Amino acid sequence: MNRKPLVAGNWKMNMTVADARHLVSQMVPGLQSKSGVDKVICPPHTALLAVSSLLEGTDISLGAQNLFWEPSGAFTGEISPAMVAEFCDYVILGHSERRAYFGETDKDVNRKVQAAFAHDLTPIVCIGETLEEYEADRTYDVVFRQAKLGLDGIQFAGQESDGSNLVIAYEPIWCIGTGRAATPTDANEVIANVIRPALGELFGNEIAQRIRVLYGGSVTGDNARDFFQQPEIDGALVGGASLKVADYTQITLAAVQ
Ligand code: 13P
């Protein structure tokens with residue numbers, strides 16, 4: 001199956017508008033000439049407007065890091081799907097930091113995925129096990145459950161029917177920001193043995209084969225290629241290295257080499 005690689009940068013809670021402008025203007029020239037890979041930058045909400053105008057006319061897409069599923073109303077501090085869709089094509093959902101620090105459940109993630117689809121946003125749905133779960137050999141159970149519950153009841157229809165507008169990011173939590181990446185073959189096996197079969201049960205094999213599955217967790221310019229060489233790894237969700245121009249450009253290049 002020929003899935004187009006995708007590299008997304010999750011800036012997390014970094015970059016003021018001024019910082020974001022500076023970083024993006026340095027990054028765009030190196031990124032935009034790279035064809036054969038979908039490129040997504042996910043700044044914090046406050047920088048979406050500024051970054052969206054800098055990305056105008058480029059082939060680099062914009063993503064948000066979260067949304068709330070309600071359309072509008074008394075939800076202080078939240079951002080609706082329509083507000084995100086004003087600027088973005090993508091949205092990261094269910095990141096482990098949101099699950100750990102803000103109590104997001106699989107049910108919440110599911111509501112957010114439904115809301116994203118209803119607004120033609122492509123969700124990048126994050127799943128992954130903790131170190132404790134990894135050491136207790138529970139990776140397969142946890143990842144399978146997160147995939148099944150987070151995507152329960154999702155319907156592909158119309159232009160969404162080929163599965164290309166759903167992206168999964170497998171991010172083992174013990175690899176995030178730790179400098180300790182999973183081995184590429186282990187990550188590939190989790191995707192092959194757990195994530196792709198869960199997608200198959202949910203959507204049928206044909207669509208499951210078209211959904212891109214990224215790896216995330218301590219991806220760098222130096223190790224990216226080893227991940228991308230794995231048959232089930234369709235790109236990366238990059239944290240720390242997405243704030244570094246040379247590293248991030250190298251990761252993006254590695255996706256097409
Ligand atoms: P790092 O690349 O900093 O480990 O972060 C990964 C991540 O959480 C991306 O969403």
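Whatever order the structure lists ligands and atoms in, that order sets their numbers, starting from 1. In this text the structure is predicted, and so the values were computed from the model without any measurement. Note that the numbering runs from 1 along the sequence shown for the chain.
Ionic pairing of E232 and R196 is present here: one or more N-O contacts between side-chain nitrogen and carboxylate oxygen are shorter than 4.0 angstrom. D106 has a carboxylate O that lies under 4.0 Å from a charged side-chain N of R99, or vice versa, which qualifies the two as a salt bridge. Under 4.0 Å is where a charged nitrogen must lie from a carboxylate oxygen, and between D108 and R111 at least one such pair does.
Near N10, with a cut-off below 4.0 Å to any heavy atom, the atoms of ligand 1 are 9 (C), 10 (O). Set against the non-hydrogen atoms of L237, the atoms of ligand 1 under 4.0 Å away are 9 (C), 10 (O). Atoms of ligand 1 lying under 4.0 Å from at least one heavy atom of S218, given by number and element, are 1 (P), 2 (O), 4 (O). Close approach of ligand 1 to G217 (heavy-atom distance below 4.0 Å) involves ligand atoms 4 (O), 6 (C). If you number the atoms of ligand 1 from 1 as listed, the ones under 4.0 Å from a heavy atom of C175 come out as 4 (O).
If you check which protein heavy atom lies closest to atom 9 (C) of ligand 1, you get E171 OE2, 2.9 Å. Looking only at protein heavy atoms, the nearest one to atom 5 (O) of ligand 1 is K12 NZ, 3.3 Å. Nearest to atom 2 (O) of ligand 1 among the protein's heavy atoms is G239 N, 2.9 Å. The single protein non-hydrogen atom nearest to atom 3 (O) of ligand 1 is G240 N, 2.8 Å, given as residue, atom name and distance.
Distances from atom 1 (P) of ligand 1 to the heavy atoms of S96, G177, A236, A8 put G177 nearest.
The side-chain contact (heavy atoms from CB on, under 4.5 Å) search around K4 returns D38, R212, not counting sequence neighbours. Residues forming a side chain to side chain donor-acceptor pair (under 3.5 Å) with R225 (at least two apart in sequence, or on another chain): Q257.
Ring centroid separation for the pair F156 and F117 comes in under the 6.0 Å cut-off.
Of the residues I41, N165, V84, L6, the one that meets the side chain to side chain contact (heavy atoms under 4.5 Å, CB included) test with Y90 is L6.
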